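In what follows, a single structure is set out as structure tokens and then discussed.
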Amino acid sequence: MQSYTIGQAARLLGVSPDTARRWADAGRVPTHRDESGRRLIDGRDLAAFSVEIARSGGAGGPGDDEEPYTSARNAFPGIVTAVKLGDIAAQVEIQAGPHRLVSLLTREAVEELGLEVGMTATARVKSTNVHIDLV
């Protein structure tokens, strides 16, 4: 399972590293330490937490110290929060800061990309299509 540093998690959540650190210190998202002592967050834990804060409106907003989340060229870097596989089609959800994006694509594409909950990915939006890139 992929793990993320506090700084990486902050970028994916659309908040400052200080805010992500405070959330970890408060026990809102579980962390563990690697062999060099860095605090890490498991991908599945980060995916669940990103959905939780998006639903509660806990990321960003007026008066917070975070920079506002913006889309550059319709690219939404985030974390995969759900993968639902059918026989032919698949549905992938990405939480990109306060934005939840859902892409319908082929099962084959999901398997070729190796998409799993907790991975970083970028949703690229053009018109009504969402394309998934690995980060």
Side-chain angles (χ1 to χ4, degrees):
M1 171 50 55
Q2 186 169 353
S3 293
Y4 299 91
T5 65
I6 295 291
Q8 290 169 324
R11 279 190 298 281
L12 293 169
L13 296 171
V15 299
S16 71
D18 286 338
T19 296
R21 195 171 294 107
R22 282 193 302 272
W23 286 341
D25 290 345
R28 289 188 62 191
V29 60
T31 63
H32 65 279
R33 297 208 181 257
D34 67 6
E35 58 280 348
S36 64
R38 292 183 310 161
R39 273 201 307 188
L40 300 175
I41 302 170
D42 285 333
R44 287 191 184 276
D45 291 333
L46 183 59
F49 182 67
S50 70
V51 171
E52 175 190 324
I53 63 168
R55 285 186 181 145
S56 69
D64 288 349
D65 64 347
E66 296 90 11
E67 294 180 24
Y69 186 83
T70 61
S71 169
R73 295 187 182 162
N74 299 323
F76 295 84
I79 187 165
V80 177
T81 57
V83 176
K84 297 173 187 166
L85 296 175
D87 291 337
I88 297 171
Q91 177 178 312
V92 176
E93 294 181 23
I94 293 177
Q95 192 70 44
H99 309 290
R100 175 180 166 263
L101 297 114
V102 179
S103 179
L104 301 175
L105 56 163
T106 65
R107 178 185 181 118
E108 180 181 14
V110 170
E111 290 171 347
E112 283 180 12
L113 290 170
L115 290 172
E116 295 179 353
V117 170
M119 294 178 67
T120 54
T122 299
R124 297 194 186 276
V125 180
K126 179 176 181 190
S127 185
T128 58
N129 296 315
V130 177
H131 301 269
I132 306 294
D133 296 339
L134 293 179
V135 179

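Owing to the predicted nature of the structure, the values given are computational and were not obtained by experimental measurement. Hydrogens, waters and symmetry mates play no part in the numbers below; they use all other heavy atoms, side chains included.
Between the CZ atom in Arg11 and the CG atom in Leu13 there is a gap of 11.0 Å [rounded to 0.5 Å]. A distance of 13.5 Å separates CG in Leu105 from CD1 in Ile88, rounded to the nearest 0.5 Å. Atom-to-atom distance recorded for Leu134:CG and Leu115:CG is 6.0 Å, nearest 0.5 angstrom. Separation of atoms CG (Leu85) and CD (Gln91) is listed at 10.5 Å; rounding is to 0.5 Å. Atom CZ of Arg33 is separated from atom OG of Ser3 by 13.5 Å, given to the nearest 0.5 angstrom.
More than 12 heavy atoms of other shown residues, nucleotides or ligands fall within 6.0 angstrom of atom CD in Glu111.
Between Thr31 and Asp45, every side-chain heavy-atom pair lies at or beyond the 4.5 Å cut-off. Residues Ile41 and Ile6 meet the side-chain proximity criterion, which asks for heavy atoms closer than 4.5 Å. With a 4.5 Å cut-off on side-chain heavy atoms, Ser50 and Leu12 do not count as touching. Contact of the Ile94 side chain with the Ile79 side chain is not registered, since no non-hydrogen atoms from C-beta on lie closer than 4.5 Å. When side chains are defined from C-beta on, Val83 does not count as touching Glu116, because their heavy atoms never get closer than 4.5 Å. Side-chain contact between Val92 and Leu101: absent, with no pair of heavy atoms (C-beta onward) separated by less than 4.5 Å.
By the 4.0 Å N-to-carboxylate-O rule, Asp18 lies close enough to Arg21 to be salt-bridged with it. Under a 4.0 Å N-O distance rule, the pair Glu93/Lys84 qualifies as a salt bridge.
Side-chain N or O atoms of Arg107 include one that pairs as donor or acceptor with a backbone N or O of Gly86 at under 3.5 Å. Looking at Gln8, its side chain never comes within 3.5 Å of a backbone N or O of Ala10 through a donor-acceptor pair. Checked by atom type and distance alone, the side chain of Tyr4 pairs as donor or acceptor with a backbone atom of Thr120 at under 3.5 Å.
Annotation for Gly97 and Ala54: closest pair O-CB, 4.5 Å, computed over non-hydrogen atoms. Across all non-hydrogen atoms, the minimal contact from Met119 to Gly114 is SD-O, 2.9 Å. Looking at every heavy atom in both residues, Ile132 comes nearest to Ser103 through CD1-CB, 3.9 Å.
Residue Val117 is not grouped with residue Ile53 when hydrophobic side chains (ILVMFWY) are merged at heavy-atom distances under 4.5 angstrom, including chains of intermediate members. Leu40 and Val15 fall into different hydrophobic clusters, defined by Ile, Leu, Val, Met, Phe, Trp and Tyr side-chain heavy atoms under 4.5 Å apart, directly or through other members.
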